[in-house]
Student: 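There's a structure below that I have some questions on.
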Amino acid sequence: MNENKPGDSQNLACVFCRKNDDCAIKYGEKKTNEKWNLTVHYYCLLMSSGIWQRGKEEEGVYGFLIEDIRKEVSRASKLKCSVCKKNGASIGCVAPRCKRSYHFPCGLQRECIFQFTGNFAVLRSPCCKNAWFHRDCVQVQAINAGVFFFRCTICNNSDIFQKEMLRMGIHIPEKDASWELEENAYQELLEPYERCDIRRCRCKEGRDYNAPDSKWEIKRCQCCGSSGTHLACSSLRSWEQNWECLECRSIIYNSDFRKAKKHTLSNSNNVAITDCLLEESSPKLPRQSPGAQSKDLLRQGSKFRRDISTILIELGFQIKKKFKRLCIKKADIWTSALVEFRKQNFSPSYMIEVVFIENDNFGREHPGSKQEFLSLLMQHLENCPLFEGSLSKNLSLNSQALEENLYFEAGKMLAISLVHGGPSPGFFSKTLFNCLVYGPENAQPILDDVSDFDVAQIIIRVRNINTATNIDDLNSVINEYYNYLELIGCLRLITTSTDKYMLVEDILVYHVIKRVQVPFESFKQGLKTLGVLEKIQTCPEAFCKILCHKPENLSAKILRDLFTVHILPDVQVLGFWNSYLQSVEDGKSAITMEDILIFAAGCSSIPPAGFKPTPSTECLHMDFPVGNKCNNCLALPMTSTYKKFQENMDFALRNTLRLEKEKSSHYNGH
């Protein structure tokens, strides 16, 4: 079988469709057998209903034997095309009762679907449901990319996308990509980028200096590869640390969410104390690289906003249907959780089954609520010595916690809690969050991040010096705190009174960021559990809402919509329940909305990933309500009057929660 010569392509007609067109994208390759004077379009041959590949790949035309092709041509000569009404229609409809036949080009003209595998079901994109593709564009991509490189251009999915495209009638040839077959293609792109692009390059040998296995080794951006930094210029402790250039950070981590402020060195009086110099890429040589293409794709990706519940549910797909039983003491939630999470047979990807152990001599066990356990664990984390600050918290420096690797465990617990349906932490400061997302070198600490009173006073004194006066006042303050400033490496030469802004920035950066660099790295490693850190960095806007902000206050409507009504034979009770919720919202009861949710489900807010199972209410012939936290079920009492209903609800909730708080405070006091 020989391929057509250029001059022959216009003269030889396909034996099936009788067209001499030579368009590989529409009709497949055009092949001619000179011995038998036989020309076919590959797709015309492939789609014909009465022929099969009986030979090897190299025999005949891709395994279709010449004698079989001639028989199929003879069979088709008796069939009339439903479009052009001419004979030779070799392609039959897949529907069993349909008697229509087509030439391949006629079918394309009538917008028939030709499928290369299976039976046609639904036309849709399986991996990116909001993405639509032109058929011709996808077919061109498939032919150029081949089976090894053909994938979704939005999310890069290969397996699911290829199966769906096959069902949609796209032919995917089993060959290498066309660009891989070009000799020395893209050879210039194989040269590694070796230049420091950080605005303040500290290397005396220059930006192009690269000394492997030293602090002057150049680390390339892990996203684009077309920007670099000396390890020392970005305060990287080792070459293994991840680093992204500022441009990629602004793209990947949602540039619309956080616009990085860039300032030049200035003596202006308008410089604020929270302003800082961000590392800014220096001008680059105008050369095309894979990084440029990568950034274009990232810009497109940043247009898609992700809902936090969807993200966490997707992360939850990692959880296997294998249970791990955790024995937890409510009175010592941190220690018992630490013991369980550190066991060799524990895996973050196992489903969690909680058993609460009473803190008494008998060690009695009873089934526990996963939501209640994770809620108590997050409450402990928020108030533990690993963090400092009042409402918005940063990492503290605790030598014992470092020795026991507790910062890593805290990050790991946060990650596990989020993926397994725990509550919103809501206590991160914006500075801690920005360090996780954009890197410590691009974070901008503020005075509110400083919890140490003495350090805050130093910053306030420096800030309040009038810039219009002599610099003597500023030097006087520096001399007063000379030992401290020397210890933290913030001594600087003061030449103008506006240098105070740089001094304030240096103190803030040291105290809030550099001082806790080791705890931060450990905490960040823990957050990588189950891929949480990567998602935080990819979707910062979504995660900021649950890491830096407390959940919205519950209302009667929210709880009414949250609880599914199950088996309420007494319609009157449903009315009492709705009235009770409204009464609590209006402040006519000592009970709060959060108390009701704690009583029924074990946590005071709706988890970002939602409840599983969905909270429900039912009716029992009892005087008082019963909360089943394991099933998120609230059993309502059946009473004759609303007044009795309200009294019984208030009594049960108030006393149940009071007893639990007394147990907790007893342990804490002990």
Student: Can you tell me how far the CG atom of L376 sits from the CG atom of L381, to the nearest 0.5 Å?
Tutor: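 L376 CG to L381 CG: 11.5 Å, rounded to 0.5 Å.
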Student: List the atom of N632, the atom of P613, and the distance in Å for their closest heavy-atom pair.
Tutor: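 Heavy-atom minimum between the residues: ND2-O, 2.7 Å.
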Student: Would you name the heavy atoms of Y407 and L386 that are closest together and state the gap between them?
Tutor: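 Minimum heavy-atom contact is CE2-O, 3.6 Å.
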Student: Is a side-chain N or O of R461 found less than 3.5 angstrom from the main chain of V477, in a donor-acceptor match?
Tutor: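 Pair absent, no side-chain N/O of R461 close to backbone of V477.
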Student: Under 3.5 Å, is there a donor-acceptor pair linking the side chains of N398 and S396?
Tutor: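 Per modelled atom types, N398 and S396 side chains form no pair under 3.5 Å.
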Student: Once you round to the nearest 0.5 Å, how far does CD1 of I546 lie from CG of L312?
Tutor: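 The CD1 atom of I546 sits 5.5 Å away from the CG atom of L312.
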Student: Can you check whether L231's main-chain N or O pairs, donor with acceptor, with S234's side chain at less than 3.5 Å?
Tutor: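 No, S234 side chain to L231 backbone: no donor-acceptor pair under 3.5 Å.
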Student: Evaluate whether atom CD of E486 has more than 12 neighbouring non-hydrogen atoms of other residues, nucleotides or ligands under 6.0 angstrom away.
Tutor: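 It does: E486 CD has more than 12 such atoms within range.
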Student: Does H420 reach the main-chain N or O of P348 with its side chain, forming a donor-acceptor pair under 3.5 Å?
Tutor: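 Checking the backbone N and O of P348 against the side chain of H420, a donor-acceptor pair under 3.5 Å is found.
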Student: Does a sphere of radius 6.0 Å around NZ in K550 hold more than 12 heavy atoms from other residues, nucleotides or ligands, not counting ones at 6.0 Å or beyond?
Tutor: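 Result for NZ/K550: enclosed.
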Student: Check for a donor-acceptor pair, side chain of H230 on one end and backbone N or O of Y209 on the other, with a separation under 3.5 Å.
Tutor: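 Side chain of H230 to backbone of Y209: a pair is present.
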Student: I want to check something: taking the side chain as every heavy atom from C-beta on, are L436 and F428 in contact at a cut-off of under 4.5 Å?
Tutor: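 Yes, at least one pair of side-chain atoms sits under 4.5 Å.
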Student: Mind checking whether I416 and I352 have side chains closer than 4.5 Å, heavy atoms only?
Tutor: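 They are in contact (side-chain heavy atoms under 4.5 Å apart), so the answer is yes.
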Student: Walk me through it: do N210 and E217 pass the test side-chain contact (heavy atoms from CB on, under 4.5 Å)?
Tutor: CA-CA 5 Å; N210 182 25; E217 180 174 4; 3.8 Å; yes
Student: Would a distance-only check, ignoring hydrogens and angles, find a side-chain to backbone donor-acceptor pair under 3.5 Å from K393 to G389?
Tutor: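 A pair under 3.5 Å: yes.
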Student: Using a 6.0 Å cut-off, check whether atom NZ of K324 has over 12 heavy atoms from anything other than its own residue.
Tutor: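 Counting neighbours around NZ of K324, more than 12 heavy atoms of other residues, nucleotides or ligands fall under 6.0 Å, so yes.
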Student: For N464, enumerate each residue passing the side-chain contact (heavy atoms from CB on, under 4.5 Å) test, keeping only those at least two apart in sequence or located in another chain.
Tutor: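 Partners of N464 under the side-chain contact (heavy atoms from CB on, under 4.5 Å) test: I460.
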Student: More than 12 non-hydrogen atoms from neighbouring residues, nucleotides or ligands closer than 6.0 Å to CD on E552, yes or no?
Tutor: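 No, the 6.0 Å shell around CD holds no more than 12 heavy atoms from other groups.
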Student: So, for D197 and S226, which heavy atoms are closest and what is the spacing to 0.1 Å?
Tutor: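 Between these two residues, the closest heavy atoms are OD2-O, 4.3 Å.
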Student: Which heavy atom of I357 sits nearest a heavy atom of C327, and at what distance?
Tutor: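 Minimum heavy-atom contact is CD1-CB, 3.5 Å.
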Student: From N479 CG over to L474 CG, what is the distance, rounded to the nearest 0.5 angstrom?
Tutor: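 It is 9.5 Å, given to the nearest 0.5 Å.
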Student: Considering only heavy atoms from C-beta outward, does the side chain of C233 approach that of W216 to under 4.5 Å?
Tutor: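 Yes, at least one pair of side-chain atoms sits under 4.5 Å.
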Student: Could you tell me the separation between the CG atom of N394 and the CG atom of D449, rounded to the nearest 0.5 Å?
Tutor: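 Here the rounded value is 4.5 Å.
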Student: Are any non-hydrogen side-chain atoms of L554 and I606 less than 4.5 angstrom apart?
Tutor: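 L554 vs I606: side chains touch.
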Student: When you compare the side chain of D506 with that of L485, does any pair of heavy atoms fall below 4.5 Å?
Tutor: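 No, too far: nothing below the 4.5 Å cut-off.
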Student: Shortest non-hydrogen contact from P608 to P423?
Tutor: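 Heavy atoms only, the tightest pair is CD-C, 3.9 Å.
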Student: Determine whether more than 12 heavy atoms belonging to other residues, nucleotides or ligands lie under 6.0 Å from atom CZ of F346.
Tutor: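 Count over threshold, so yes.
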Student: Working to the nearest 0.5 angstrom, can you tell me the gap between S522 OG and N405 CG?
Tutor: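 Answer for the OG-CG pair, S522 versus N405, is 4.5 Å.
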Student: In terms of ring plane angle, is the pair F373 and F341 parallel, tilted or perpendicular, where the classes change at 30° and 60°?
Tutor: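 The rings of F373 and F341 stand perpendicular, inter-plane angle above 60°.
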Student: With distance as the sole test, does S424 use its side chain to make a donor-acceptor pair with the main-chain N or O of G426 at under 3.5 Å?
Tutor: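 Looks like no, no N/O pair under 3.5 Å.
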Student: Between the side chains of T592 and D595, does any donor sit under 3.5 Å from an acceptor?
Tutor: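 There is such a pair (donor and acceptor under 3.5 Å, judged by atom type) between the side chains of T592 and D595.
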Student: Are side-chain heavy atoms of V354 and I328 found at a separation under 4.5 Å?
Tutor: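 SC-SC contact between V354 and I328 confirmed.
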Student: Looking only at non-hydrogen atoms, find the nearest pair between A601 and F611 and report the distance.
Tutor: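 Closest heavy-atom pair between A601 and F611: CB-CE2, 3.6 Å.
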Student: Is it the case that the side chain of E521 and the backbone of V518 share a donor-acceptor pair, with hydrogens and angles ignored and the cut-off at 3.5 Å?
Tutor: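 Checking the backbone N and O of V518 against the side chain of E521, no donor-acceptor pair under 3.5 Å is found.
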Student: Run the numbers on Y438 and Q444 for side-chain contact (heavy atoms from CB on, under 4.5 Å), then give the verdict.
Tutor: CA-CA 11 Å; Y438 304 97; Q444 303 178 30; over 6 Å; no
Student: So how far is it from C630 SG to K370 NZ, rounded to the nearest 0.5 Å?
Tutor: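 Rounded to the nearest 0.5 Å, the SG-NZ separation comes out at 11.5 Å.
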Student: Salt bridge or not for R515 and E388, using N-O below 4.0 Å?
Tutor: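 A salt bridge is present here (some side-chain N lies under 4.0 Å from a carboxylate O).
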Student: Using the rule side-chain contact (heavy atoms from CB on, under 4.5 Å), only one of M378, Q379, Q371, E372 pairs with S375; which is it?
Tutor: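 Only match with S375 under side-chain contact (heavy atoms from CB on, under 4.5 Å): Q379.
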Student: Side chain of E409, backbone of L338: donor and acceptor closer than 3.5 Å?
Tutor: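 No, E409 side chain to L338 backbone: no donor-acceptor pair under 3.5 Å.
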Student: Less than 4.5 Å apart, side chain to side chain, heavy atoms only: is that true for L377 and M413?
Tutor: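 A side-chain contact under 4.5 Å exists here.
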Student: With sequence neighbours excluded, what pairs up with F387 under the ring-ring contact (aromatic ring centres under 6.0 Å, His included) test?
Tutor: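 Per chain and number, F387 pairs via ring-ring contact (aromatic ring centres under 6.0 Å, His included) with F427, F523.
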Student: Begin with the C-alpha distance, continue with both residues' side-chain angles, and end with the deciding distance and a verdict on side chain to side chain donor-acceptor pair (under 3.5 Å) for N434 and T431.
Tutor: CA-CA 5 Å; N434 289 338; T431 300; 5.8 Å; no
Student: Would you check if I598 and S604 make a side-chain contact, meaning some heavy-atom pair closer than 4.5 Å?
Tutor: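 Touching, per the 4.5 Å side-chain cut-off.
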